[in-house]
Amino acid sequence: QVQLVESGGGLVQAGGSLRLSCAASGRTFSSYAVGWFRQAPGKEREFVAAVSWNGFSTMYVDSVKGRFTISRDNAKNTVYLQMNSLKPEDTAVYYCAAEETTAQALAFIAYDYWGQGTQVTVSS
C-alpha cells in the first residue's frame with residue numbers, strides 16, 4: 001500500500017498562487033500515476049489534474065488549463081500542483097490519489113489510494 005499526505009493549502013486572495021504537495025510513503029511511488037481532485041461544499045468531487053508515473057503525460061480539467069501545473073519528483077516521492085491565478089471558484093478541499101500503473105493514458109484511471117485532503121480557500 002501507499003499512504004498519501006497533502007499539504008500546502010491555505011487562504012489566498014484571488015489572483016494569488018499556492019503550491020500543493022502530495023507526499024507518498026509505503027511503497028515505490030515511481031510506478032504510480034497520481035491525480036488531484038477537489039470537492040467544494042455542496043458539490044461532487046471533480047477531477048483537476050493527473051500525471052503519469054514518469055511525468056511524461058499530464059492531463060487537466062478545462063477550467064484550470066493554463067493556470068495549474070502538475071509535476072512530480074520521484075526521488076522525493078512527491079507530486080506537486082502549482083496553482084496560479086487562483087479564482088474564488090477554485091475554493092475546495094483538494095485531494096491527491098494514486099494508482100499503480102505505467103499507462104500513459106490518464107483518462108480512465110480508477111484510483112485506489114487517497115489522501116485526507118487540504119483546504120484551499122480563495123477570497124475575492
Side-chain angles (χ1 to χ4, degrees):
Q1 280 195 340
V2 63
Q3 292 79 42
L4 305 174
V5 178
E6 303 94 336
S7 63
L11 173 65
V12 64
Q13 288 188 334
S17 298
L18 285 173
R19 188 177 78 159
L20 305 184
S21 297
C22 173
S25 62
R27 290 194 64 178
T28 303
F29 194 47
S30 58
S31 60
Y32 285 74
V34 175
W36 283 98
F37 293 76
R38 65 186 179 187
Q39 187 166 21
K43 295 187 177 181
E44 294 188 353
R45 185 174 62 196
E46 69 167 344
F47 168 81
V48 177
V51 61
S52 62
W53 67 279
N54 56 5
F56 286 179
S57 295
T58 58
M59 180 178 174
Y60 299 91
V61 67
D62 285 348
S63 60
V64 308
K65 285 180 180 177
R67 300 189 298 122
F68 291 12
T69 303
I70 189 170
S71 62
R72 68 189 299 156
D73 184 343
N74 284 341
K76 296 183 177 180
N77 280 356
T78 303
V79 170
Y80 305 99
L81 185 68
Q82 178 67 44
M83 307 187 296
N84 299 329
S85 303
L86 283 161
K87 305 175 181 180
E89 51 263 44
D90 294 318
T91 295
V93 177
Y94 283 70
Y95 301 88
C96 66
E99 175 67 15
E100 188 171 18
T101 176
T102 56
Q104 294 299 314
L106 301 171
F108 302 107
I109 293 177
Y111 294 93
D112 281 339
Y113 304 102
W114 293 80
Q116 294 299 306
T118 185
Q119 176 71 48
V120 171
T121 303
V122 184
S123 63
S124 57

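Any value given below was found using the heavy atoms of this structure, including those in side chains, with hydrogens, waters and symmetry copies removed.
- Residues passing the salt bridge (Lys or Arg N to Asp or Glu O under 4.0 Å) test with Glu100 are Arg27, sequence neighbours excluded.
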Identify every side-chain donor-acceptor pair in residues 109-122 under 3.5 Å, counting partners at least two apart or on other chains, and give the distances.
{"from": "Trp114", "atom 1": "NE1", "to": "Tyr111", "atom 2": "O", "distance (Å)": "3.2"}
{"from": "Thr118", "atom 1": "OG1", "to": "Gly9", "atom 2": "N", "distance (Å)": "3.2"}
{"from": "Gln119", "atom 1": "NE2", "to": "Ala92", "atom 2": "O", "distance (Å)": "3.4"}
{"from": "Gln119", "atom 1": "NE2", "to": "Thr121", "atom 2": "OG1", "distance (Å)": "3.3"}

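- Every residue meeting the side-chain contact (heavy atoms from CB on, under 4.5 Å) condition with Ser85, not counting sequence neighbours, appears here in chain and number order: Arg67.
- Residue pairs meeting the salt bridge (Lys or Arg N to Asp or Glu O under 4.0 Å) criterion with at least one member in residues 113-123, sequence neighbours excluded, do not occur.
- Within the structure, disulfide (SG to SG under 2.5 Å) contacts touching residues 32-62 (residues at least two apart or in different chains) do not occur.
- Pairs passing the disulfide (SG to SG under 2.5 Å) check and including a residue from residues 25-80, sequence neighbours excluded, do not occur.
- Shown here are the side chain to side chain donor-acceptor pair (under 3.5 Å) partners of Ser52, two or more places apart in sequence or in another chain: Asn54, Gln104.
- Contact check on Asp62 versus Lys65 returns a salt bridge, with a Lys/Arg side-chain nitrogen under 4.0 Å from an Asp/Glu carboxylate oxygen.
- Taking the side chain as every heavy atom from C-beta outward, Val34 and Arg72 approach each other to under 4.5 Å.
- Residue pairs that meet the disulfide (SG to SG under 2.5 Å) test with at least one member in residues 66-114, sequence neighbours left out, are Cys22-Cys96.
- Pairs passing the side chain to side chain donor-acceptor pair (under 3.5 Å) check and including a residue from residues 5-26, sequence neighbours excluded, read Ser17-Asn84.
- Here Ser71 pairs with Tyr80 under the side-chain contact (heavy atoms from CB on, under 4.5 Å) rule; sequence neighbours left out.
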Identify each donor-acceptor pair in which a side-chain atom of residues 41-51 lies under 3.5 Å from a protein atom, sequence neighbours left out, and give them as a table.
{"from": "Glu46", "atom 1": "OE2", "to": "Arg38", "atom 2": "NE", "distance (Å)": "2.6"}
{"from": "Glu46", "atom 1": "OE2", "to": "Arg38", "atom 2": "NH2", "distance (Å)": "3.0"}

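- Residue pairs meeting the disulfide (SG to SG under 2.5 Å) criterion with at least one partner in residues 45-86, sequence neighbours excluded, do not occur; the list is empty.
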